[in-house]
Amino acid sequence: MLKKDWWKSAIIYQIYPRSFQDTNGDGFGDFQGIIKRLPYLEKLGIDCIWLCPVYRSPQDDNGYDISDYCDVDPMFGTMADMEELIGKAREHGIYIVMDLVLNHSSDEHKWFIEAKKSRENPYHDYYVWRDGKEGVLPNDMKAAFGGSAWEWVPEVEQYYFHQFSVKQPDLNWENPKLRQELWDIINFWIDKGVGGFRLDVIDLVGKVPDEKITSNGPKLHEYIKEMTAHTFVRDNLISVGETWSATPEIAKLYSNPDGSELSMVFQFEHICLDQQEGKEKWDLAPLPFHKFKEVWNKWQTELYGCGWNSLFWDNHDLPRIVSRWGDEGQYREESAKMLATLLHGMQGTPYIYQGEELGMTNVKYELEEYRDIELFGMYKERRAQGYTHEELMESIYAKTRDNARTPMQWDTTEQAGFTTGKPWIKVNPNYTEINAAEQVDRENSIFNYYRKLIQLRKELPVLTDGKFTMLDMDHNQIFAYLRDNGEDKLLVVCNFYGNTVDYAVSEKAEDLELLIGNYTEENMQTDVLRPYEARIYRIR
Ligand code: TEU
Ligand code: CA
């Protein structure tokens, strides 16, 4: 049995399997590739791998469209390979966390193939249907990847509801038989020895399309409690929900310490700050630093003692953090380490997205070199609305999900050591400079900085349980805070920008012991922070 709350001190590494490591030259990463890289991950010091979906899938949305939840996609290998991965990972002290997509399935799932045969079919009610006439939509709800959320099926003369692509029909959680099928799927994977689950868009499952309710539907928490009682509680598994709509109030329900719902959720308030208010992520705006500090402060303080945060900058849907809020040029190493310090010093479970530990950057490709369904849906829609190609490319450079999905940069050999064949998406040309081989043995690399931060977390309980107090909230360049658990006290100071700044660190406490910093101690002046300088001190 896993120890209660073990995931509070765990560090989780996210793998996008199709871009991690290919071993058979087909240009797609695979299970054997992950197995091959387990020693690298063990060296980094992580506890879990969040594995993006590897189930059987037509890959319309890179696996977030599942056609068989109890099988793996042949592009990644066989079920035997998957079982080998789960077992070998354990030998390296690592648990696999599965990514489950329970809000929708693929339209090629056997349930949906049955469901659209007739209204009397036993699987019909597994999906969300509304009567109507061809061409007269039930309402004007839109799908996330473009177009209407309703799709006509002539055989049943009804529309089905899909919040993402037409190939991702929404499941109807009102149906208890469907819910039981979902619990069975979760238990199928628990029986295989996984350590938990990341639950895709779990805030959408209680949708009520007739009232245009998508997130936070009236029965949402009831459903989650039912799921947890039937599954995760079996073994104190980690469960993390993806919830774009969470506020601290709602997050406290999800991550209630009584364990009745989930371990924690991903909230995205900080992630949505560099876009124009009320608009979409493509509508770029500079990061409002003060607001950014307020948002972190709010989440850190409001969940203290009554909920649990997840800490992340990156995932497979987001641009690379060093390009986004750091400096991908001159200060790439310093800024990547500063961002890591800022995040890993806070309270919550930290997530590292593959390549983040190397300071991998965004890309600027030709339109046809991109692969993401979201990007092409947006491009088509906005071109029709009159946006120019150039305007849209700027948005794509800054925000496309493909920024995160380019192959992992392992070494300087062709295709960055990712594949011997042709990769499914182009490798970032900067792999000759930015790659794991160059960093693993270089003591002051970004990789080794992450390693040290992880070790600090393991050594100092205050990083897990200490109370967070923001310092100098109004400072327009410094992000500084305290962590205090009554026994131990830390001071974290970060210069968020690329110019030197005076900051009276020595006034914060008399006796400071530097635990980690992203510059060498040579020429260090306590009260001057160099570009993107970050330090963690122990206050004695
Ligand atoms: O993402 C949820 C989601 O809302 C995304 O559409 C998100 O808004 C977008 O990616 C931000 O650019 C999850 C998965 O993480 C994503 O990869 C899937 O495409 C989506 O669900 C559908 O399953
Ligand atoms: Ca492969």
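Counting starts at 1 for both ligands and their atoms, following the listed order. Sequential numbering from 1 along the given sequence is applied to the chain's residues.
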Checklist entry - Would Gln32 and Asp81 count as having a side-chain donor-acceptor pair, cut-off 3.5 Å? => result yes

Next on the checklist: For the residue pair Asn139 / Trp150, report whether a side-chain donor-acceptor contact shorter than 3.5 Å exists.
Outcome noted: yes

Checklist entry - Could you walk me through whether Asp30 and Thr23 pass the side chain to side chain donor-acceptor pair (under 3.5 Å) check? => result CA-CA 7 Å; Asp30 42 50; Thr23 54; 2.8 Å; yes

Next on the checklist: Within the structure provided, determine whether Val72 and Phe31 are in side-chain contact (heavy-atom separation under 4.5 Å).
Outcome noted: yes

Checklist entry - Within Gln32, is some N, O or S atom less than 3.0 Å away from the Ca ion (ligand 2)? => result no

Provide the number and element of each atom of ligand 1 under 4.0 Å from a heavy atom of [X].
X: Lys281; answer: 11 (C), 12 (O)
X: His316; answer: 14 (C), 15 (O), 16 (C), 17 (O)
X: Arg405; answer: 17 (O)
X: Asp61; answer: 18 (C), 19 (O), 20 (C), 22 (C), 23 (O)
X: Glu374; answer: 9 (C), 10 (O), 11 (C), 12 (O)
X: His104; answer: 22 (C), 23 (O)
X: Glu242; answer: 1 (O), 2 (C), 13 (C), 15 (O)

Next on the checklist: If I take the Ca ion (ligand 2) as the centre, what angle separates the OD1 atom of Asp26 from the O atom of Phe28? Nearest 10 degrees is fine.
Outcome noted: 80°

Next on the checklist: Angle at the Ca ion (ligand 2), OD2 of Asp30 to OD1 of Asn24, rounded to 10 degrees, please.
Outcome noted: 90°

Checklist outcome for this item: Exactly one of Trp299, Phe289, Trp296, Phe292 clears ring pair (Phe, Tyr, Trp, His ring centres under 6.0 Å) with His270, and that residue is Trp296

Next on the checklist: Which atom name does Asp22 have for its N/O/S atom nearest to the Ca ion (ligand 2)?
Outcome noted: OD1

Pair [X] + [Y], salt bridge at N-O below 4.0 Å:
X: Arg401; Y: Asp372; result: yes
X: Arg130; Y: Asp210; result: yes
X: Glu269; Y: Lys298; result: yes

Protein heavy atom at shortest distance from [atom]:
atom: atom 6 (O) of ligand 1; answer: Phe164 CE2, 3.4 Å
atom: atom 10 (O) of ligand 1; answer: Arg401 NH1, 2.9 Å
atom: atom 15 (O) of ligand 1; answer: Asp317 OD2, 2.5 Å
atom: atom 14 (C) of ligand 1; answer: Asp200 OD1, 3.0 Å

Next on the checklist: On the six-membered ring of Trp424, is Arg371 placed so that its NZ or CZ lies under 6.0 angstrom from the centre and within 45° of the ring axis?
Outcome noted: no

Item to check | Heavy atoms of other groups near Lys380 NZ, more than 12 under 6.0 Å | outcome: no

Checklist outcome for this item: Checking heavy-atom distances from atom 7 (C) of ligand 1 to each of Tyr64, Phe145, Trp244, the winner is Trp244

Checklist entry - Going by heavy atoms, is Arg198 under 4.0 Å from ligand 1? => result yes

Checklist entry - Under the criterion side chain to side chain contact (heavy atoms under 4.5 Å, CB included), which of Tyr95, Tyr13, Trp7 is the partner of Cys48? => result Tyr95

Next on the checklist: Heavy-atom pairs closer than 4.0 Å: do any link ligand 1 to the side chain of Gln163, the backbone, both, or neither?
Outcome noted: neither

